[in-house]
Amino acid sequence: MKRRNLLQLGGVALAQAAARLPAQALLGAPRQASMAAPDAEPQLQGKADYTLRIAPVTVELDPTHILSTMGYNGSAPGPVLRMKEGRPVTVDIVNDTDTPELVHWHGMFNPPEVDGTAEEGSPFVPPHGRQRVQFVPRPAGCRWYHTHTMAMDDLHKGTYTGQFGFVYVDGGDDPGQYDQELFLALRDWDPYFTASMEDDDDDTHSGPLLEKPAVMNTEPDGLEVNSMTYSINDKALGSGEPIRVRQGQRLLLHFLNASAIENRRIALAGHKMKVIAMDGNPVPSPQLVDSIFLGVAERIDAIVEMNNPGIWILGGTEKPVREAGLGVVVEYAGRHQQPQWIDPPQTPWDYTIFGKTGPAPPPPQETIELIFGKIPGGAGKFNLFLVNGKPYPHKGELTLHEGVRYRLLMRNQTDDAHPMHIHRHIWELASINDKPTAGIMKDTVVVPYYGRAVVNLTADQPGLTFFHCHIQQHMDYGFKALFRYA
Ligand SMILES: [Cu+2]
C-alpha cells in the first residue's frame with residue numbers, strides 16, 4: 001500500500017469555490033473546459049446546450065502521479081452539467097476515441113433511445129463520430145453521467161476510465177441555505193487484477209445473514225479488480241487546494257462514489273454531516289451522522305456546519321485508502337496546524353434511519369423475486385454472476401405492466417455487498433434485511449452480503465429498463481437483467 005506524506009505534497013486545484021459560482025468552476029480549475037465551449041465542428045441543427053467530448057485526458061493526482069485515461073472535455077471528472085428540471089436540453093456527444101461509446105444519464109427519466117445503454121437499444125456514438133441527444137431533465141437533484149460500455153478484461157475501458165461527471169438538475173426550489181456548494185466524486189485509479197481481494201466495504205450488516213446458503217460453494221474465487229490509488233475529484237489527499245472555510249459557515253456537499261470497483265465509507269474529522277438527500281432525492285428524516293457509506297454509483301447530499309476550527313481531513317475511513325489519496329483537507333481561516341484525522345465510531349450503515357416513521361405504505365400488487373448467485377471462477381479466471389440462476393439475458397420472465405406497483409425482493413446469496421441500480425426509474429426502499437422503512441427514493445441500493453433488500457417500483461416509465469450491479473466487473477460477467485414493459 002502506498003503511503004503518502006501529506007506534508008511533502010504541494011499542488012493545485014480541488015473543488016473549492018464560494019456559493020453561487022457557476023458549478024463547473026468547482027472542478028479541476030487548470031484544465032477546466034467550459035461546458036459551453038464553442039464547437040469548431042459543423043452543426044446540423046444549431047448549437048447544442050452542452051457538448052461532451054470524449055477524448056484522452058491526463059489526471060495529475062499529485063506531482064508524482066500523473067495518469068492517462070479517457071475523459072470528458074479535457075478533464076476527469078468532466079464538467080458539472082447544470083440543468084433546469086423540465087426544460088429540454090440538447091447534448092452533442094463527440095467521440096474522439098477509437099472505440100464506440102455510450103453516455104448514460106444515471107438517475108434520470110430518459111427514454112431508452114437516449115439513456116446511453118446498449119441493452120436498452122440506445123445507439124453507440126461511433127468512433128470519431130458524434131451523436132446529438134435531446135431530453136427533458138428530470139427529476140430534480142444530484143444525478144451523474146458516465147460511460148456504459150462493457151470492459152470485460154480490459155481495465156482501460158468502461159467505468160475504469162475517467163468518463164464520469166455530475167449532472168445537477170435544478171428543481172427551482174433551492175433555498176440556498178449554505179455558504180459553499182461542492183461536488184466531490186470519490187474515485188480509484190490504476191485498477192489491477194488480484195486473486196485475493198480484501199473487502200473492507202461490507203459494513204452494511206447489523207442483522208443475521210438471512211440469505212446465506214445452507215451449503216456453501218467452496219470453489220476458489222476468480223480474479224477480482226482492486227486499486228490502491230485514490231482521489232476526490234482529480235486530486236489525491238494533500239495535493240489539491242484545501243476546502244477553505246470560515247467558522248459558522250454551512251457547506252452543502254454533493255458526494256458521488258464514481259468508483260468502478262468498491263463501496264466506500266467517508267467522514268469529515270471533527271464534524272458530523274447531516275444527510276439531506278440520497279441519490280439526489282430528499283430523505284424524509286435528515287439525520288446527523290459521523291460517517292457516510294456510499295455504494296458504487298450512490299450519491300449523498302449533506303450539510304455540514306463548520307463549528308470546530310482547525311485543519312481537518314475529509315476522507316476515507318480506512319487508513320490505507322485515505323493515505324493512498326482518498327481525501328481532501330478542510331482548512332478554517334487563520335489555522336495553520338497539520339491536517340488532523342479522527343476515526344469516527346464504527347456504526348453499521350443503516351439506510352432506514354433516514355426513512356419515514358409511521359404506518360407503512362400500501363403493499364405493492366405484485367412481487368418479483370431476484371436471487372443473486374455467484375459461480376467462483378477459480379485461479380486466473382473470472383467469477384460469473386447469475387440472476388435467478390440464469391445468465392443474461394433473461395428471456396421474457398421480467399415483464400412489467402404499466403401503472404402496476406411492484407415489490408422487488410432482492411436476495412443476495414453471494415459474499416459481497418452489491419450496489420444494484422435500476423435505469424430510468426426511481427424505487428422506494430421498503431426494507432433492508434427485513435427492517436422496514438418508507439419514503440427513501442433511490443436508483444441504487446447496496447444489498448448486504450448474504451442479505452436482502454426490498455424496493456417498491458412503480459412501472460411508470462415504459463420502455464426497456466436495465467438493472468445491474470454497478471461494480472463494472474460484476475455487470476460485465478453476468479450481474480444484470482432487462483425489464484420489458486408488456
Ligand atoms: Cu456486484
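Fair warning: this is a prediction, and the values are worked out from it, not measured in the lab. Only this structure's heavy atoms are used, side chains among them; waters, hydrogens and symmetry mates stay out. Note that ligands are numbered from 1 as they come in the structure, with each ligand's atoms numbered from 1 the same way.
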Novice: Within 45° of the axis and under 6.0 Å from the centre of the six-membered ring of Trp105, does NZ or CZ of Arg143 qualify?
Specialist: no
Novice: Are side-chain heavy atoms of Arg405 and Asn456 found at a separation under 4.5 Å?
Specialist: yes
Novice: Is it the case that atom CD in Gln346 sees more than 12 heavy atoms from other parts of the structure closer than 6.0 Å?
Specialist: no
Novice: Relative to the Cu ion (ligand 1), how many protein N, O or S atoms have a separation of less than 2.8 Å?
Specialist: 3
Novice: Any donor-acceptor pair under 3.5 Å linking the side-chain atoms of Gln163 with those of Glu101?
Specialist: yes
Novice: By the definition side-chain contact (heavy atoms from CB on, under 4.5 Å), identify the one residue from Leu408, Asp279, Ile432 that meets it with Val445.
Specialist: Ile432
Novice: Show your working on side-chain contact (heavy atoms from CB on, under 4.5 Å) between Glu211 and Arg452 and close with a plain yes or no.
Specialist: CA-CA 7 Å; Glu211 295 292 340; Arg452 273 179 211 160; 2.5 Å; yes
